[in-house]
Amino acid sequence: LWPWLLASSGLSALVQLVTLPFFPDSPSYLLIQKGNEEACRKAIRKLWGEGDHQAEIDDIVKEKGAMASTKTLRVLEVIKERSLRWQLYILMTVMTTLQLCGINAIYFYSFEVFHTAKFEEYLIPYVSLGVGLCECLSSILCSTLIDRFGRKVLLWGGYTLMCSVLALLTTTLSLQHRFFWMHYFSVILIFLFVVFYGIGP
């Protein structure tokens, strides 16, 4: 079954390969990059139907004007630019915490935790698949929550809950030889961690 599951990702790639030539180019790309207003109007009509879309075209023209007046900075210039210093710090912090948040360790050790929890050998790959589906569903849920709560709340909340879950998981893994039910609690915590990761970072 696993070869078929791995091959299934090629199905979406095939669908994109077949259908993408029939999609119109982005109107903003056609107007800003190519400078072709007629092609831009045609793409807008194809995407949004017939009607007066002058307001959208005016917005793209404004965007083009704003981009023309903006200087493109090199990497060293970005680092030296004092007005961009805080944005750079925030970006570096977010990306660093994303790499060090522990999700890779969870994925790496989850098989061992499931094995210790006395799951049948043939069931463990499906439980691992459930962890991946959990992340996918929580990412979809995040897209609905981000408009309501904002990115900052989801980041802070996600990292706080992930830290709490990791602390609990460390405790349950340390006590798993004393209490038989700790194995199952560890499995629940792994799923919770993945959910909080998908919703937050």
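Throughout, residue positions are numbered sequentially from 1 according to the sequence presented.
With Ser12 contributing its side chain and Ser8 its backbone, the two residues share no donor-acceptor pair below 3.5 Å. Of the possible donor and acceptor atoms, one in the side chain of Arg151 sits under 3.5 Å from a partner among the backbone N and O of Gly200.
Expressed to the nearest 0.5 Å, how far CG of Asp25 lies from CG of Leu47 amounts to 10.0 Å. The structure places CG of Leu11 at 10.5 Å from CD of Gln16, a figure rounded to the nearest 0.5 Å. Remark: Thr170 OG1 to Leu175 CG distance equals 10.5 Å, nearest 0.5 Å. Atom CD1 of Ile103 sits about 12.0 Å away from atom CZ of Phe196, to the nearest 0.5 Å. Distance check, rounded to the nearest 0.5 Å: OG1 of Thr144 to CZ of Phe149 gives 9.0 Å. Note that the OG atom of Ser26 and the CD1 atom of Ile44 stand 9.0 Å from one another [nearest 0.5 Å].
Smallest separation of non-hydrogen atoms from Thr172 and Ser186: OG1-OG, 3.0 Å. Closest heavy-atom contact between Tyr159 and Cys101: CE2-CB, 4.0 Å. In terms of heavy-atom proximity, Val194 sits nearest to Glu135 at CG1-CB, 3.4 Å. Nearest approach of Arg85 to Lys80, heavy atoms of both residues: NH2-O, 3.3 Å. Between Ile199 and Ser138, the shortest heavy-atom contact is CG1-O, 3.8 Å.
Between Lys42 and Glu38, none of the side-chain N atoms (NZ, or NE/NH1/NH2) sits under 4.0 Å from a carboxylate O, so this pair counts as no salt bridge.
A chain of hydrophobic side-chain contacts below 4.5 Å, direct or via other Ile, Leu, Val, Met, Phe, Trp or Tyr residues, connects Leu173 to Leu168. When the side chains of ILVMFWY residues are joined at heavy-atom separations under 4.5 Å, either directly or via intervening members, Trp156 and Leu166 end up in two distinct hydrophobic clusters. One hydrophobic cluster holds both Val75 and Met92 under the rule that ILVMFWY side chains link at heavy-atom gaps under 4.5 Å. Residues Phe111 and Ile188 fall within the same hydrophobic cluster, defined by Ile, Leu, Val, Met, Phe, Trp and Tyr side chains chained together at heavy-atom separations under 4.5 Å. Cluster annotation: Tyr107 is not connected to Leu123 through the hydrophobic network of ILVMFWY side chains, with a link wherever side-chain heavy atoms come within less than 4.5 Å.
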Could you walk me through whether Leu98 and Tyr197 pass side-chain contact (heavy atoms from CB on, under 4.5 Å), step by step?
CA-CA 9 Å; Leu98 190 62; Tyr197 173 79; 4.0 Å; yes

Taking it one step at a time, do Arg41 and Gln54 satisfy side-chain contact (heavy atoms from CB on, under 4.5 Å)?
CA-CA 9 Å; Arg41 289 180 184 277; Gln54 189 58 44; 3.0 Å; yes

Could you walk me through whether Glu77 and Glu81 satisfy the side-chain contact (heavy atoms from CB on, under 4.5 Å) test, starting with their C-alpha distance in whole Å, then the side-chain angles of each, then the deciding distance to 0.1 Å, before giving a yes or no?
CA-CA 6 Å; Glu77 291 174 331; Glu81 182 65 45; over 6 Å; no

Please evaluate residues Val127 and Phe191 with respect to the criterion side-chain contact (heavy atoms from CB on, under 4.5 Å), reporting the C-alpha separation (whole Å), side-chain torsions for both, the decisive distance (0.1 Å), and the verdict.
CA-CA 10 Å; Val127 180; Phe191 275 91; 4.0 Å; yes

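Through side-chain heavy atoms spaced under 4.5 Å, either directly or across other Ile, Leu, Val, Met, Phe, Trp or Tyr residues, Phe23 is tied to Leu20. The hydrophobic cluster containing Leu17, built from Ile/Leu/Val/Met/Phe/Trp/Tyr side-chain heavy atoms closer than 4.5 Å, comprises no other residue.
The aromatic rings of His177 and His183 sit perpendicular to each other, their planes meeting at more than 60°, with 30° as the lower class boundary.
Exactly one residue among Val131, Val165, Leu169 makes a side-chain contact (heavy atoms from CB on, under 4.5 Å) with Ile106. That residue is Leu169.
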